[in-house]
2 protein chains.
Amino acid sequence: MSVRIAELSSTSGVPVPTIKYYLREGLLPSGEPTGRNQAVYGEEHLRRLKLVRALVEVGGLSIAVVGEIVATLDASAEVTHHVLGVVQRSIAPVTPPVDDRDADAEVAAFLARRGWAHMARDPSVLALVGVVATANRLGHHRFADLLDGYAEANVAIARRDLDYLVLNSKPDEVVEDMVVATVLGDAALKALRRLAQREASAGLLAEE
Amino acid sequence: MSVRIAELSSTSGVPVPTIKYYLREGLLPSGEPTGRNQAVYGEEHLRRLKLVRALVEVGGLSIAVVGEIVATLDASAEVTHHVLGVVQRSIAPVTPPVDDRDADAEVAAFLARRGWAHMARDPSVLALVGVVATANRLGHHRFADLLDGYAEANVAIARRDLDYLVLNSKPDEVVEDMVVATVLGDAALKALRRLAQREASAGLLAEE
DNA sequence: CATTATTGGAGAGTGTCACTATCCGAATGG
DNA sequence: CCATTCGGATAGTGACACTCTCCAATAATG
């Protein structure tokens with residue numbers, strides 16, 4: 001039940017120096033001290049360690065971002081209200097806002113069509129504007145047309161995400177599960193898009 | 001029409017030393033030499049430079065991967081058959097295959113339900129197995145249940161992607177446009193998923 | 001109880017990556 | 001004509017994610 005660092009390392013597969021590094025960076029809480037310089041680690045440390053590794057390796061998140069996320073997890077043990085925004089803000093890579101009037105207008109029009117709130121400071125909206133601006137600069141002036149179809153698909157995806165959380169999460173684990181579902185979901189969706197593209201183009205070629 | 005490196009830098013916003021770096025790494029073809037140590041750059045260099053920046057900044061791709069992609073672009077100027085796979089293989093981060101029997105079986109079952117080909121060596125399939133394996137290790141044993149819904153949404157997305165390419169691409173630019181649509185699409189989809197999640201959870205809260 | 005191994009913690013070191021800075025001698029260009 | 005700018009090559013920088021080395025204190029073993 002309570003183990004020391006060597007066993008934490010061997011059961012998780014994470015090298016001891018790396019665990020020490022995570023401890024220094026605050027990604028992992030300290031163990032329970034049993035003496036002046038001894039400590040033991042419990043089930044929650046192993047769980048946290050696996051989460052950190054998943055966020056770093058599968059999600060590609062930086063140590064700094066993972067640090068913010070676990071801080072949020074620790075802070076909101078019982079505050080489950082409006083935590084989605086906090087999680088998203090932590091996960092979103094902070095895009096420096098681009099200054100592109102056209103892209104702004106296209107995204108605003110898209111959000112209006114959808115009936116979605118247009119919060120200009122929202123990281124997701126900023127990211128979207130950045131993508132559209134880049135597309136325009138590359139000569140893809142119809143790229144914004146894709147957004148409506150993408151949005152529709154993502155409404156379905158978000159509904160599945162919420163169902164998944166409601167069905168599978170114990171109340172005190174919703175926040176952590178939301179992080180996991182979001183980050184692993186991103187990776188899964190990316191892979192699935194590749195597979196679906198291949199199938200779709202195979203279908204197209206077969207028709208010819 | 002033909003400019004030297006300083007003007008290429010000022011019109012693209014990319015610093016001169018960075019352009020030189022890209023030339024060294026083969027991300028950008030050399031300019032047309034006009035003397036022993038002078039060269040001029042044309043429209044295609046500016047276009048390529050903007051593409052490279054988009055892949056690096058929006059797509060988050062490494063210089064090495066961008067190098068592979070532009071090599072593919074240069075090689076397949078006329079070979080547009082079966083290029084999707086090449087592009088995908090270049091874009092996919094090479095996941096070291098994980099050894100997880102359960103995850104393997106779950107992904108295989110999912111692919112069978114979908115009627116999708118199960119190529120064990122496919123990077124997208126490997127990535128998917130990796131994600132499911134990670135989810136299982138984190139205690140999310142129902143994560144694979146999400147895949148069916150995700151896949152359905154991605155079929156719609158892939159259809160839009162192909163429509164977009166068919167409608168908007170000149171035949172000799174399909175490959176480059178495919179790269180752009182794939183990489184920018186990934187970024188856009190990620191942002192849209194966040195927005196859709198927020199809307200969906202706002203809807204849930206409103207019902208309470 | 002003696003001795004060998006391991007511990008937590010702190011500091012410095014490593015390898016990689018994406019640039020960035022400096023030099024050089026050869027062209028420009030006003 | 002002569003300061004600028006050029007291309008090209010070499011070396012240096014800063015951020016990042018570890019990884020190594022040390023230390024005195026503790027634990028495990030015989």
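What you see is a predicted model; the values in this text were computed from it and never measured.
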**Fill in**
Separation of D/dG7 atom P from B/R4 atom CZ, nearest Å, is 7 Å

**Message:** One thing to verify: whether B/R114 and A/E199 come together as a salt bridge, which I'm taking to mean a side-chain N less than 4.0 angstrom from a carboxylate O.
**Reply:** no

**Item:** Within-4.5 Å side-chain heavy-atom neighbours: A/L61 and A/V56
**Value:** no

**Prompt:** So, do B/R48 and B/Y41 sit near enough that their side-chain heavy atoms are less than 4.5 Å apart?
**Reply:** no

**Distance, rounded to the nearest Å, where B/L23 contributes CG and C/dT20 contributes P** = 15 Å

**Residue of the set A/I19, A/L8, A/L46, A/V52 for which side-chain contact (heavy atoms from CB on, under 4.5 Å) holds with A/V14** = A/I19

List the atom pairs, donor and acceptor, that lie under 3.5 Å between side-chain atoms in residues 128-152 of chain A and the rest of the protein, sequence neighbours left out.
unit_1, atom_1, unit_2, atom_2, d
A/T134, OG1, A/G130, O, 2.9
A/N136, ND2, A/E106, OE2, 3.1
A/H140, ND1, B/Y164, OH, 2.9
A/H140, NE2, B/D177, OD1, 3.0
A/R142, NE, A/D145, OD2, 3.0
A/R142, NH2, A/D145, OD2, 2.8
A/D148, OD1, A/R113, NE, 2.9
A/D148, OD1, A/R113, NH2, 3.4
A/D148, OD2, A/R113, NE, 3.3
A/D148, OD2, A/R113, NH2, 2.8
A/Y150, OH, A/R193, NH2, 3.2
A/Y150, OH, B/D161, OD1, 2.4

**Message:** Between P on C/dG8 and CG on A/L28, what's the gap in Å once rounded to a whole number?
**Reply:** 11 Å

**Message:** What is the separation between atom CG on B/L8 and atom P on D/dT5, rounded to the nearest whole Å?
**Reply:** 17 Å

**Asked** More than 12 heavy atoms of other residues, nucleotides or ligands under 6.0 Å from CD of A/E43: is that the case?
**Response** no

**Item:** Sequence-aligned protein contact record of nucleotides 8-24 of chain D, with B where the base is within under 4.0 Å of a protein heavy atom and S where only the sugar-phosphate is
**Value:** B-B------BBB----B

**Request:** Please state how far atom CD in A/E32 lies from atom C1' in C/dT7, giving the value in whole angstrom units.
**Result:** 16 Å

**Item:** Distance, rounded to the nearest Å, where A/E7 contributes CD and C/dT6 contributes C1'
**Value:** 14 Å

**Asked** So what does B/I5 touch, heavy atoms closer than 4.0 Å: a base, only the sugar-phosphate, or nothing?
**Response** sugar-phosphate

**Prompt:** Could you give the CD-to-C1' distance, from A/E25 to C/dG9, as a whole number of Å?
**Reply:** 14 Å

